[in-house]
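Residue numbers start from 1 in every chain, and the chains themselves are labelled A, B, ... in the order their sequence lines are given, proteins ahead of strands. Values below: all heavy atoms of this structure, side chains included; hydrogens, waters and symmetry mates excluded. Worth saying up front: this structure is predicted, and the values here are computed from it rather than measured.
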Number of protein chains: 2
Amino acid sequence: MNLNTRQRRAILDVLEIADHPLSPQEIYDGVGHYGESVNMSTVYRSLSALVKREILEEVKLPGEPSRYEFSGKGHHHHFRCRKCNRVLVIEKCAADVNSMVPPGYIVEDHDLFIYGLCSECSP
Amino acid sequence: MNLNTRQRRAILDVLEIADHPLSPQEIYDGVGHYGESVNMSTVYRSLSALVKREILEEVKLPGEPSRYEFSGKGHHHHFRCRKCNRVLVIEKCAADVNSMVPPGYIVEDHDLFIYGLCSECSP
DNA sequence: TTAACTGCAAACCCTTTGCACGGTG
DNA sequence: CACCGTGCAAAGGGTTTGCAGTTAA
């Protein structure tokens with residue numbers, strides 16, 4: 001895979017500068033802010049290629065479009081700010097998931113989403 | 001709102017018998033299993049009317065269609081079985097969400113999804 | 001009767017795909 | 001030349017909506 005096309009560099013730059021997971025639309029808009037342009041199909045195709053190569057990871061969210069972030073962060077969760085709408089990374093995990101499931105269940109994985117106001121948006 | 005149409009009775013019956021949150025498609029299929037039929041638009045329209053009246057609640061899931069469940073359960077979470085694909089209710093919550101967020105963040109709410117095998121599907 | 005509900009088909013949004021063109025080695 | 005990557009337009013899947021006909025009170 002060639003990362004060194006104008007479009008893929010722009011996509012990765014936008015993700016790096018934002019420093020938080022972005023949706024395809026946010027990436028598309030972000031590239032636009034640089035005065036560059038990328039076709040939305042290219043955004044989608046690049047994102048799935050980058051996920052396949054494990055350079056990025058898809059963050060699936062309940063009821064809204066996925067965000068994409070750089071992989072290699074280890075176990076973490078996400079915070080969704082209801083004012084600025086950004087999705088931010090939460091590094092801690094204080095969920096004792098095994099104690100939550102009824103007997104007989106096997107826990108393989110979990111996702112946790114926290115909603116509220118981020119530090120930039122809280123009064 | 002009139003709950004006493006053939007279609008809405010069927011939708012609510014299917015939800016009640018299933019005893020776990022269902023997607024619009026699962027409801028549609030469930031009604032079909034009774035030898036009855038409901039148009040998919042009617043399923044969607046009935047579900048949103050029932051959510052608006054707070055008879056049902058929408059369970060938004062990451063990366064897949066919402067499920068619908070009876071409201072009034074209080075705070076709870078969901079388990080998604082990777083074998084039978086059912087979404088099941090988890091009544092406990094052992095997540096200390098407030099301790100997870102960085103200083104300055106305000107926590108309003110959270111969603112937790114556990115993935116694995118339910119008791120009927122585990123070996 | 002009349003207000004609400006339903007079926008059908010079309011529209012919608014987000015995402016994926018087919019195809020022909022473009023850039024690079 | 002051979003290959004991927006790209007843009008465009010069309011197609012998909014899930015969900016919503018407009019409209020005309022139907023049903024419940």
Side-chain angles (χ1 to χ4, degrees), chain A residues 1-15 21-69 78 80 85-87 113, chain B residues 1-15 21-69 78 80 85-87 113:
Chain A
M1 184 180 57
N2 182 8
L3 291 185
N4 220 20
T5 68
R6 180 181 62 78
Q7 293 87 340
R8 292 187 178 175
R9 258 182 279 115
I11 290 169
L12 291 170
D13 283 356
V14 167
L15 275 166
L22 299 180
S23 68
Q25 184 67 52
E26 287 172 328
I27 291 168
Y28 179 90
D29 294 343
V31 171
H33 286 166
Y34 280 85
E36 298 208 39
S37 90
V38 201
N39 190 279
M40 189 56 106
S41 306
T42 301
V43 173
Y44 279 105
R45 269 192 288 232
S46 300
L47 290 174
S48 51
L50 291 161
V51 167
K52 196 164 295 170
R53 304 304 168 97
E54 299 184 331
I55 294 167
L56 298 180
E57 274 176 26
E58 182 180 2
V59 182
K60 294 178 179 174
L61 298 173
E64 51 182 313
S66 292
R67 266 62 170 183
Y68 294 83
E69 65 186 3
H78 296 91
R80 167 70 200 270
N85 292 325
R86 289 185 301 171
V87 172
F113 303 95
Chain B
M1 183 181 55
N2 182 8
L3 292 185
N4 220 21
T5 68
R6 179 181 62 78
Q7 294 88 338
R8 292 188 177 175
R9 259 181 279 116
I11 290 169
L12 291 170
D13 284 355
V14 166
L15 274 166
L22 299 179
S23 68
Q25 184 66 52
E26 287 171 329
I27 291 168
Y28 179 90
D29 295 342
V31 171
H33 285 164
Y34 279 84
E36 298 207 40
S37 90
V38 200
N39 189 278
M40 189 56 108
S41 306
T42 301
V43 173
Y44 279 105
R45 268 191 289 231
S46 299
L47 289 174
S48 51
L50 291 161
V51 167
K52 196 164 295 169
R53 304 305 168 97
E54 299 184 330
I55 294 167
L56 297 181
E57 274 176 26
E58 181 180 2
V59 182
K60 295 179 179 174
L61 298 172
E64 51 182 313
S66 292
R67 266 62 170 182
Y68 294 83
E69 65 187 4
H78 296 92
R80 166 71 199 267
N85 292 324
R86 288 185 300 170
V87 172
F113 303 95

Exercise. Can you check whether B/Arg8 has a side-chain N or O nearer than 4.0 Å to OP1 or OP2 of D/dA24?
Worked result: no

For this session: Give a yes/no on whether any side-chain N or O of B/Arg6 is located under 4.0 angstrom from OP1 or OP2 of C/dC5.
Result: no

Exercise. If you draw a 6.0 Å radius around OH in A/Tyr28, do more than 12 non-hydrogen atoms from other residues or ligands fall strictly inside?
Worked result: no

Exercise. Do the side chain of B/Arg8 and the main chain of B/Thr42 share a donor and acceptor less than 3.5 angstrom apart?
Worked result: no

Problem set entry | N/O (side chain, A/Gln25) to phosphate O (OP1/OP2, C/dC13) under 4.0 Å | no

Seminar exercise, completed: Here the distance between atom P of D/dG5 and atom CG of A/Leu50, to the nearest Å, is 10 Å

For this session: On DNA chain D, check which nucleotide each of B/Pro65 and A/Met1 is closest to and give me the residue with the more 5' one.
Result: A/Met1

For this session: Please say whether more than 12 non-hydrogen atoms of neighbouring residues, nucleotides or ligands are located less than 6.0 Å from CZ in A/Arg6.
Result: yes

Exercise. Within this structure, what is the CD-to-P distance between A/Gln7 and D/dC8, rounded to whole angstrom?
Worked result: 11 Å

Problem set entry | N/O donor-acceptor pair, side chain B/Ser41 with base D/dT15, under 3.5 angstrom | no

Exercise. Roughly how many Å is it from CE in A/Met40 to P in D/dA9, rounded to a whole number?
Worked result: 16 Å

Exercise. Are A/Glu69 and A/Leu22 side-chain neighbours, meaning at least one heavy-atom pair lies under 4.5 Å?
Worked result: no

For this session: Please check if any side-chain donor atom of B/Ser66 sits under 3.5 Å from a side-chain acceptor atom of B/Glu58, or the reverse.
Result: yes

Quick test: give all pairs of protein nitrogen or oxygen and nucleotides 19-25 of chain C nitrogen or oxygen below 3.5 Å, distance rounded to 0.1 Å.
none

For this session: Could you tell me whether the side chain of B/Arg67 and the main chain of B/Pro65 form a donor-acceptor pair under 3.5 Å?
Result: yes

Exercise. Could you state the CG-P distance from B/Asn39 to D/dT15, rounded to the nearest angstrom?
Worked result: 14 Å

Exercise. NA contact type, A/Ser48, heavy-atom cut-off 4.0 Å: base, sugar-phosphate, or nothing?
Worked result: nothing

Exercise. Are A/Ser46 and D/dT6 close enough that a side-chain N or O sits under 4.0 Å from OP1 or OP2?
Worked result: yes

For this session: Round to a whole Å and report the spacing from CD1 of A/Ile11 to C1' of D/dG7.
Result: 13 Å

For this session: Find the distance between CD (B/Gln7) and CZ (B/Arg9) and round it off to the nearest 0.5 Å.
Result: 8.5 Å

Problem set entry | Phosphate contact (D/dT6 OP1 or OP2) by A/Thr5 side-chain N/O below 4.0 Å | yes

